[in-house]
Q: 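Just dropping this structure here.
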Amino acid sequence: MKGVVILGQGELEIREFPDPEPGPDEIVITMKASGMCGTDLHHLREPCRRTEDKIFIEGHEPCGVVSAVGEAVHPQEASVGDRVMIHHYDGCRVCQYCRSGWTQLCPNAKVIYGGPNGHGAHAQFMKVPAHTAIQMPDGLSFKAGAAISCGAGTAYGAVKRVDLCGDDTVAIFGQGPVGLAATIFAKEFGARVIALDIGEERLQMAKNFGADFTVNPLQEDPVEAIRALTIRGEGATKSIECSSNPDARRQAIQCVKRWGTACMVGAYGDISFSTQEIIQLQKTVLGSLTFSKNMMDDCAQWVVQRGIDLEKLFTHEFRLDQAHEAYELFDQQKIGKGVFVFD
């Protein structure tokens with residue numbers, strides 16, 4: 001089979017790999033859709049070229065059809081022909097985090113598929129432990145399933161983390177794939193949404209997806225703009241930061257009112273803020289790391305029940321042999337969210 005590997009320093013290759021065979025507790029899925037994520041772009045931009053022992057097939061937004069199962073896999077876990085999304089983590093399987101479905105928090109033997117130590121989804125086939133498979137509800141497309149497998153699922157996790165309600169005003173910093181999904185979901189929860197980004201095209205997408213207001217931090221002070229859009233100028237009740245930009249993270253805290261909650265979702269970079277602001281104004285700062293297996297299932301069911309069109313997050317489709325073109329455009333920020341599709 002063919003698979004895309006990212007070497008760092010802007011380099012990637014399409015390599016040949018043996019077709020995978022499942023171990024006793026594993027399954028093989030035939031890929032149908034594999035989303036491109038900002039984390040993949042971070043791998044591409046790494047300053048150091050990866051050594052051969054650290055090169056794995058990229059892609060951690062997997063969605064496809066089960067094509068082979070190991071002898072120890074129970075039919076209720078997975079059967080040939082099942083349509084599945086993949087929770088792209090494995091762990092020791094016995095710690096409290098693995099048992100609760102939060103495998104990504106495993107302190108003992110964590111594997112991240114499509115990341116630093118496990119083959120991912122930018123390939124024709126993908127082998128994973130059977131417990132990582134999440135059955136797709138009828139009505140959910142493969143591309144929507146791929147979106148939920150990381151970016152949109154992460155947005156759902158953040159919206160749930162801040163306990164978003166219909167009477168909230170939420171400021172969402174960064175309208176990339178995660179931020180746009182958060183905008184879609186926040187509107188579905190009934191909240192009033194202020195979308196922020198420095199790109200006018202992304203702000204227009206946010207408006208098309210239901211944002212009540214848009215703010216470009218390059219054109220106006222975002223904190224003051226958010227306050228001006230809220231009752232008595234007090235600020236938003238919640239904020240969700242999806243850009244990893246240090247200034248945006250600080251502003252996401254500053255823009256919420258007294259007793260407000262700011263949630264940090266962007267996976268890279270540091271954060272600095274005034275502890276006096278947190279203490280004196282009784283603000284809460286949270287982190288949100290992707291989602292549990294159960295939450296991934298909940299998100300998929302909810303998206304279908306609400307009739308939410310997640311496919312609109314994708315602006316471009318590619319075949320696997322177009323990987324160089326796809327990532328070149330992604331790196332230059334000439335596309336929104338991209339997805340590899342398979343026959």
Q: Taking side chain as C-beta onward, heavy atoms only, is V304 less than 4.5 Å from P137?
A: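 Contact flag for V304/P137 side chains = yes.
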Q: Rounded to the nearest 0.5 Å, how far does CD1 of I86 lie from OG of S34?
A: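 Result: 11.5 Å between the selected atoms.
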Q: Do the side chain of Q251 and the main chain of Q254 share a donor and acceptor less than 3.5 angstrom apart?
A: no
Q: Output, in order, the C-alpha distance, side-chain angles, deciding distance and verdict of side chain to side chain contact (heavy atoms under 4.5 Å, CB included) for V341 and K32.
A: CA-CA 6 Å; V341 293; K32 294 298 183 182; over 6 Å; no
Q: Got a donor-acceptor contact below 3.5 angstrom from the E328 side chain to the F330 backbone?
A: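 Not confirmed, E328 side chain does not pair with F330 backbone.
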Q: When the ring centroid of H60 is compared with that of Y113, is the distance short of 6.0 Å?
A: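 Centroid separation for H60 and Y113: 6.0 Å or greater.
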Q: K238 and side chain to side chain donor-acceptor pair (under 3.5 Å): which partner among D163, T261, D168?
A: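 It is D168; the other options fail the test.
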Q: Does the side chain to side chain contact (heavy atoms under 4.5 Å, CB included) test come out yes or no for L140 and V303, once each step is laid out?
A: CA-CA 8 Å; L140 189 72; V303 164; 4.1 Å; yes
Q: Do the two ring centres, one from H87 and one from Y89, sit under 6.0 Å apart?
A: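 Yes - the distance between ring centres of H87 and Y89 falls below the 6.0 Å cut-off.
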Q: As an exercise, state the distance from CD1 of I253 to OG of S274, rounded to the nearest 0.5 Å.
A: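 Going from CD1 on I253 over to OG on S274, the span is 9.5 Å.
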Q: Does any N or O in the side chain of D90 come within less than 3.5 Å of the main-chain N or O of I112, such that one atom is a donor and the other an acceptor?
A: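 No; zero donor-acceptor contacts below 3.5 Å.
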Q: Tell me which donor-acceptor pairs under 3.5 Å the side chains of residues 146-160 have, and how far apart each pair is, sequence neighbours excluded?
A:
unit_1	atom_1	unit_2	atom_2	d
S149	OG	P62	O	3.0
S149	OG	G145	O	2.9
T154	OG1	C150	O	2.8

Q: Looking at D298 and K293, would you say the former's side chain and the latter's main chain have a donor-acceptor pair under 3.5 Å?
A: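 It does not hold such a pair.
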Q: Cation-pi check for F142 against R83: NZ or CZ below 6.0 Å from the six-membered ring centre and within 45 degrees of the axis, yes or no?
A: yes
Q: Going by distance alone, is a donor N or O of one side chain under 3.5 Å from an acceptor N or O of the other, for Q204 and N208?
A: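 Checked: Q204/N208 side chains pair up, N/O donor to acceptor below 3.5 Å.
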Q: If only atom types and distance count, is the side chain of T237 paired as donor or acceptor with the main-chain N or O of T169 below 3.5 Å?
A: yes
Q: Measure from the side-chain N and O atoms of D197 to the backbone N and O of G199, and report whether any donor-acceptor pair falls under 3.5 Å.
A: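 Checking the backbone N and O of G199 against the side chain of D197, a donor-acceptor pair under 3.5 Å is found.
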Q: Locate the shortest heavy-atom distance separating V178 from C242; write the atom from each residue and the value.
A: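 What the structure gives for the nearest pair is CG1-SG, 4.0 Å.
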Q: Please report the interatomic distance NZ(K110) to SG(C98), rounded to the nearest 0.5 Å.
A: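 With rounding to 0.5 Å, NZ (K110) is 10.0 Å from SG (C98).
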Q: If you count heavy atoms of other groups shown closer than 6.0 angstrom to CD1 of I231, is the number above 12?
A: no
Q: Quick one: do E188 and I184 satisfy side chain to side chain contact (heavy atoms under 4.5 Å, CB included)? Show the steps, please.
A: CA-CA 6 Å; E188 198 65 35; I184 293 171; 5.7 Å; no
Q: Within the supplied structure, the quantity of interest is the number of heavy atoms (other residues, nucleotides, ligands) at a distance under 6.0 Å from K187 NZ; does it exceed 12?
A: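 Counting other residues, nucleotides and ligands, NZ of K187 exceeds 12 neighbours.
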Q: Does either side chain, that of Y327 or that of H122, offer a donor lying less than 3.5 Å from an acceptor on the other one?
A: yes
Q: For the aromatic rings, using the six-membered ring if either is Trp, is the centroid distance between F17 and H119 under 6.0 Å?
A: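 Ring centres of H119 and F17 closer than 6.0 Å.
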Q: Salt-bridged, E277 to K283, with N to O below 4.0 Å?
A: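 A salt bridge is present here (some side-chain N lies under 4.0 Å from a carboxylate O).
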Q: Between D40 and G114, what is the shortest heavy-atom contact and its length?
A: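 Closest approach of D40 to G114: OD1-O, 4.4 Å.
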Q: Does R258 reach the main-chain N or O of Q280 with its side chain, forming a donor-acceptor pair under 3.5 Å?
A: no
Q: Can you give me the closest heavy-atom contact between C63 and M85, atom names plus distance?
A: SG-CG, 4.2 Å
Q: Indicate, with yes or no, if I29 and L320 share a hydrophobic cluster defined by side-chain heavy-atom contacts under 4.5 Å among Ile, Leu, Val, Met, Phe, Trp and Tyr.
A: yes
Q: Hey, are R319 and D343 close enough for a salt bridge, meaning a charged N less than 4.0 Å from a carboxylate O?
A: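 Salt bridge present between R319 and D343.
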Q: Using modelled atom types only, decide if a donor and an acceptor are shared between the side chain of S100 and the backbone of Q96 within a distance under 3.5 Å.
A: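 Looks like yes, one N/O pair under 3.5 Å.
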Q: Backbone N or O of F291 within a donor-acceptor pair of the Q104 side chain at under 3.5 Å?
A: yes
Q: With the 4.5 Å side-chain cut-off for hydrophobic clustering, are M1 and V65 part of the same group?
A: no
Q: Can you tell me if CD on Q276 sees more than 12 non-hydrogen neighbours from other groups inside 6.0 Å?
A: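 Yes - once you tally the heavy atoms of other residues, nucleotides and ligands closer than 6.0 Å, there are more than 12.
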Q: At what distance, to the nearest 0.5 angstrom, does OG of S292 lie from CG of D297?
A: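 Output value for this atom pair is 9.5 Å.
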Q: Side-chain heavy atoms under 4.5 angstrom apart, residues restricted to Ile, Leu, Val, Met, Phe, Trp, Tyr: same cluster for L313 and V193?
A: yes
Q: Less than 4.0 Å between a side-chain N and a carboxylate O, is that true for R192 and D212?
A: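 Salt bridge flag = no for R192 with D212.
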Q: How close do A195 and A211 get, counting heavy atoms only, and between which atoms?
A: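 Taking every non-hydrogen atom into account, CB-CB, 3.9 Å.
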Q: Counting distance only, does the side-chain N/O of R161 pair as donor-acceptor with the main-chain N or O of L289 below 3.5 Å?
A: no
Q: For D53, is the CG atom crowded, meaning more than 12 foreign heavy atoms sit under 6.0 Å from it?
A: yes
Q: Taking all non-hydrogen atoms of both residues into account, name the closest pair between I335 and A326 and its distance.
A: CD1-O, 4.1 Å
Q: Is it the case that K312 places NZ or CZ above or below the six-membered ring of F209, under 6.0 angstrom from the centre and within 45 degrees of the axis?
A: yes
Q: D331 versus L41: any side-chain heavy-atom pair under 4.5 Å?
A: yes
Q: Parallel, tilted or perpendicular: which one describes the rings of F185 and W302, with boundaries at 30° and 60°?
A: perpendicular
Q: Is L180 reachable from L329 through a run of I, L, V, M, F, W or Y residues, each pair having side-chain heavy atoms under 4.5 Å apart?
A: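 Different clusters: L329 never reaches L180 through Ile, Leu, Val, Met, Phe, Trp or Tyr contacts under 4.5 Å.
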Q: Can you measure from CG (L286) to OG (S239) and round to the nearest 0.5 angstrom?
A: 9.5 Å
Q: Please find the pair of heavy atoms, one from V69 and one from A78, that lie closest to each other, and give the distance.
A: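 Shortest heavy-atom separation between V69 and A78 comes out as CG1-O, 3.9 Å.
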Q: State, yes or no, whether a side-chain contact exists between V215 and I194 at a heavy-atom distance under 4.5 Å.
A: yes
Q: Would H324 and L12 count as a side chain to side chain contact (heavy atoms under 4.5 Å, CB included) here? Give the steps.
A: CA-CA 7 Å; H324 287 91; L12 65 81; 3.5 Å; yes
Q: Please assess E77 against Q135 for the test side-chain hydrogen bond (donor to acceptor under 3.5 Å, both in side chains), listing each intermediate value before the final yes or no.
A: CA-CA 9 Å; E77 285 186 290; Q135 302 284 339; over 6 Å; no
Q: Quick one: pull up CG in L7 and OG1 in T51 and give me the separation to the nearest 0.5 Å.
A: 10.5 Å
Q: Under 3.5 Å, is there a donor-acceptor pair linking the side chains of E311 and S141?
A: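 Judged by distance alone, the side chains do pair up.
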Q: Give the cluster check for I172 versus I198: same hydrophobic cluster or not, with ILVMFWY residues linked at side-chain heavy-atom distances below 4.5 Å.
A: no
Q: Tell me which pairs pass salt bridge (Lys or Arg N to Asp or Glu O under 4.0 Å) where either residue lies in residues 54-70, with sequence neighbours left out.
A: E61-K337
Q: For the pair T30 and Q124, evaluate side-chain hydrogen bond (donor to acceptor under 3.5 Å, both in side chains) and give the outcome as yes or no after the intermediate values.
A: CA-CA 6 Å; T30 298; Q124 294 163 294; over 6 Å; no
Q: Scan for side-chain hydrogen bond (donor to acceptor under 3.5 Å, both in side chains) pairs involving residues 8-29, sequence neighbours excluded, and state none if there are none.
A: E11-R49, E13-R15, R15-E52, D25-R93
